[in-house]
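The structure under discussion appears below in the form of structure tokens.
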Amino acid sequence: MKIYNTMSRSKEEFVPIKPGKVKLYACGPTVYNYFHIGNARAFLFFDVVRRYFEFRGMEVTYVQNITDIDDKIIAQAIEEGIPFSEVAAKYTFAFLEDAKRLGLKAPHFQPRATGVMPEIIALIHALQKSGHAYEADGDVYFATASISQYGSLSGKKVEEQLAGARVAENTKKRNAADFTLWKRAKAGEPEWDSPWGKGRPGWHSECVVMSRQYLGETFDIHGGGVDLVFPHHENEQAQAYALTGKPLANYWMHNGFLNIEGEKMSKSLNNFFTAREILAEYDAEVIRFFFLSKHYRSPIDFNRELIAESARALKNFHAAFKSVDFLQVQDSPSIGGYESAEREFNEAMDDDFNTAKAIAVLFELAHQAKSAELPMPERIAAAHMLYHLGGALGFFQSLEEPAQDINHLTEDLINLIISYRVSARTEKNWALSDKIRDDLKALGVILSDTKEGCTWTVET
RNA sequence: GGCGACAUAGCCAAGCGGUAAGGCAGAGGUUUGCAAAACCUUCAUCCCCCGGUUCAAAUCCGGGUGUCGCCUCCA
């Protein structure tokens, strides 16, 4: 399979370090707030990467960090008037909750920065001893000039950067591109003891520590949003090179940004949505479909009309399952016959995770499953394959009807009212039967007259 | 100033040298008392513009135009 490697700016054949195994690391959230819908794209995409490798029989080790000490957390703590650790705990919990609701499979390891503090300090210390880092007034900086590879990931030449860039003047740095490894604590800020006095780590060291701890010195894939290429990943990589001379990861994958109505999402533009609020409005599966319907490296525009369109498109799959009564036949053995669809699906996914193309295969299968011209066993086989392949993308996690918040009495009453309507229809009293239908609709109960009789669903 | 991405039907979106996938919407039909749902059929002579390479280009090259991103915390 081919993966676009940010390092080489081209698609490369993916060769894992150990055949059959994939060591995957993706940057997780900084827990200073509920994560937003743009974060959700990244989390969801790497969830699909993980699922697809597993689908193809690879043994995946997936690590995602949680940054629970950071300037933004401190700022939020001041704003909420609670200790920083409470902010971190609150939003870590919220993250785990929302991730689950989004249908993300839990990573194998989810280490937190504060849980590896001694290791981070040891890393910085090692960098200092080998001359790649220097202390200045309680802060420690990484000397970017000390390694030749600096800039290789992001393609930036440090000297050329400085001309027009808005680099804050920091006289403690030897070089404007040098980045903070350790930050001296100001009064009242969270602090840890270190060889350089009390302080906290910079952002870029934790991922180096955690990834190497769980995945080894060099691992297969490191991922995150494009904005992390520089400086975060460049700086992670620099530390790894300084430490061992070896790359941190062989493949760097970066998902594109999410825009709102063509504009960047930001709090100042007031177009900021948390995943939590979107999940309150739309099904997790709809959000998943929305993201996967476009290639992961392209920017994606988010707006409600597009989400609604995704919801309509997704109905095709559920209609397909319904048409063969898949819940009843789910456990029956599939007769096969749709191996070519699986081949097509795999080809699409093998080409740098072309989920949009893979989804087209799913629609073909849905079409087959619904086709009244095909014999039922064949339709069921198509539905089985649809379920199988959709699962590789994380779809159809709950095929069952969503639990309706209705008690037995209500249910009986609705059925009673319907029975009166059936009588009215038998008498061709259309005025009354339509009124009953309209009135129930106003209450959120949708009636449908089908060949099998009148069925009802509750509008969600 | 430096680096990079993208421009395909009303909308979303694949395609990456061999003659335009798929979805939404629309149109027509089947079904229906009507409605909804469902199913079937249909829907780009053409891929931002101008040159070039080639037997052949949406796909490659050069030049424009436009949109967006990164270089500062950020998925």
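Lettering of chains follows the sequences in order, A, B, ..., and the numbering in each one begins at 1.
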Please identify each residue that fulfils ring-ring contact (aromatic ring centres under 6.0 Å, His included) with A:H204, with sequence neighbours left out. A:F179, A:H232
Using atom P of each nucleotide, how far apart are B:U65 and B:C50 to the nearest Å? 15 Å
Rounded distance in Å - CH2 (A:W252) to P (B:G4): 19 Å
Step through it carefully: locate the ring centre of A:Y282, locate the ring centre of A:F289, and say whether they are under 6.0 Å apart. no
Quick one: look up who B:A36 pairs with, Watson-Crick or G-U, both distances under 3.5 Å, and put none if it's unpaired. none
Only pairs with both distances under 3.5 Å count, Watson-Crick or wobble alike; so what is the partner of B:G18 in this structure? B:C55
Whole angstrom value for the distance that separates P of B:G23 from CZ of A:F317: 9 Å
Taking pairing as Watson-Crick or G-U wobble with both contacts under 3.5 Å, can you name the mate of B:G10, or confirm there isn't one? B:C24
Report the residue from A:Y91, A:F272, A:F95 that forms a ring pair (Phe, Tyr, Trp, His ring centres under 6.0 Å) with A:F35. A:F95
Out of B:C24, B:A14, B:G22, which nucleotide sits closest to the side chain of A:E309? B:C24
Calculate the interatomic distance between A:R9 atom CZ and B:C3 atom C1'; express it in whole Å. 7 Å
Mind telling me whether A:Y296 and A:F353 have parallel, tilted or perpendicular rings, with 30° and 60° as the class edges? perpendicular
Polar pairs (N or O, both sides) under 3.5 Å between protein and nucleotides 39-41 of chain B?
from	atom 1	to	atom 2	distance (Å)
B:C39	OP1	A:K370	NZ	2.6
B:C40	OP1	A:H367	ND1	3.2

Are the ring centres of A:H388 and A:F55 closer than 6.0 Å? yes
Worked verdict on A:K370 versus A:N316 for side-chain hydrogen bond (donor to acceptor under 3.5 Å, both in side chains): CA-CA 9 Å; A:K370 287 186 287 194; A:N316 276 294; 2.8 Å; yes
Please report, rounded to the nearest Å, how far the C1' atom of B:A25 is from the CG atom of A:L306. 12 Å
Think A:K11 forms a cation-pi with A:Y4, using NZ or CZ under 6.0 Å from the six-ring centre and within 45 degrees of its axis? no
Could you tell me whether the side chain of A:D71 reaches within less than 4.5 Å of the side chain of A:R200, counting heavy atoms only? yes
Members of residues 425-441 of chain A that approach RNA chain B, where some heavy atom sits under 4.0 Å away: A:R425, A:W430, A:S433, A:D434, A:R437
Pairing partner of B:G62 (Watson-Crick or G-U wobble, both distances under 3.5 Å): B:C50
Taken to the nearest 0.5 Å, the spacing of A:K2 NZ from A:D352 CG works out to 10.5 Å
Nearest-Å distance for atom pair CD/P, residues A:E234 and B:C70: 17 Å
C1' atoms of B:U41 and B:C61, separation to the nearest Å: 43 Å
Rounding to an integer number of angstrom, what distance separates B:C47 and B:C60 when you compare their C1' atoms? 16 Å
Whole Å only: how far is the NE2 atom of A:H233 from the P atom of B:C71? 14 Å
Ring-plane angle category for A:F219 and A:Y25, please: parallel below 30°, perpendicular beyond 60°, tilted otherwise. tilted
Which whole-number value in Å describes the distance from A:R312 CZ to B:C24 P? 9 Å
Run the side-chain hydrogen bond (donor to acceptor under 3.5 Å, both in side chains) test on A:N33 and A:Q76 for me, step by step, so that the C-alpha distance in whole Å, both residues' side-chain angles and the decisive distance to 0.1 Å come before the verdict. CA-CA 8 Å; A:N33 204 335; A:Q76 185 70 20; 4.9 Å; no
Rounded to whole angstrom, note down the P distance from B:G62 over to B:C39. 48 Å
I'd like a list of close polar pairs between nucleotides 73-75 of chain B and the protein, N/O only, cut-off under 3.5 Å.
from	atom 1	to	atom 2	distance (Å)
B:C73	O2'	A:K72	NZ	2.5
B:C74	N3	A:K264	NZ	3.3
B:A75	OP1	A:N39	OD1	3.4
B:A75	O5'	A:N39	OD1	3.0
B:A75	O4'	A:N39	OD1	2.9
B:A75	O2'	A:G225	N	2.2
B:A75	N7	A:H36	NE2	3.4
B:A75	N1	A:L258	N	3.0
B:A75	N3	A:G38	O	3.1

Does any donor-acceptor pair link the side chain of A:E364 with the base of B:G22 at a separation under 3.5 Å? no
All heavy atoms of A:E191 vs all of A:A185, minimum pair found to be CB-CB, 3.8 Å
Would A:S8 and A:E12 satisfy side-chain hydrogen bond (donor to acceptor under 3.5 Å, both in side chains), going step by step from the backbone distance to the final call? CA-CA 8 Å; A:S8 64; A:E12 294 176 17; 2.4 Å; yes
Whole-Å distance, A:L389 CG to B:G22 C1', equals 15 Å
Could you please name the partner base of B:G4, counting Watson-Crick and G-U wobble pairs only when both distances are under 3.5 Å? B:C68
If the C1' atom of B:C48 is compared with that of B:U67, how far apart are they to the nearest Å? 11 Å
Pairwise C1' distance for B:G52 and B:A57, with rounding to whole Å: 12 Å
Step through it carefully: locate the ring centre of A:F326, locate the ring centre of A:Y387, and say whether they are under 6.0 Å apart. yes
Members of residues 273-304 of chain A that approach RNA chain B, where some heavy atom sits under 4.0 Å away: A:S293, A:K294, A:H295
Show me, pair by pair, the donor-acceptor contacts under 3.5 angstrom made by side chains of residues 99-111 of chain A, not counting sequence neighbours?
from	atom 1	to	atom 2	distance (Å)
A:K105	NZ	A:E54	OE1	2.8
A:H108	ND1	A:Y62	N	2.8
A:H108	NE2	A:R50	NH2	3.4
A:H108	NE2	A:V60	O	3.4
A:Q110	NE2	A:Q64	OE1	3.1

Interatomic distance at P, B:A36 relative to B:A20, whole Å: 36 Å
Can you check the distance between B:C16 and B:C11, where both ends of the measurement are the P atom (answer in whole Å)? 24 Å
Under 4.0 Å, counting only non-hydrogen atoms across every strand here, what does A:L362 touch: a base, just sugar-phosphate, or nothing? nothing
Ring-plane angle category for A:W252 and A:H233, please: parallel below 30°, perpendicular beyond 60°, tilted otherwise. tilted
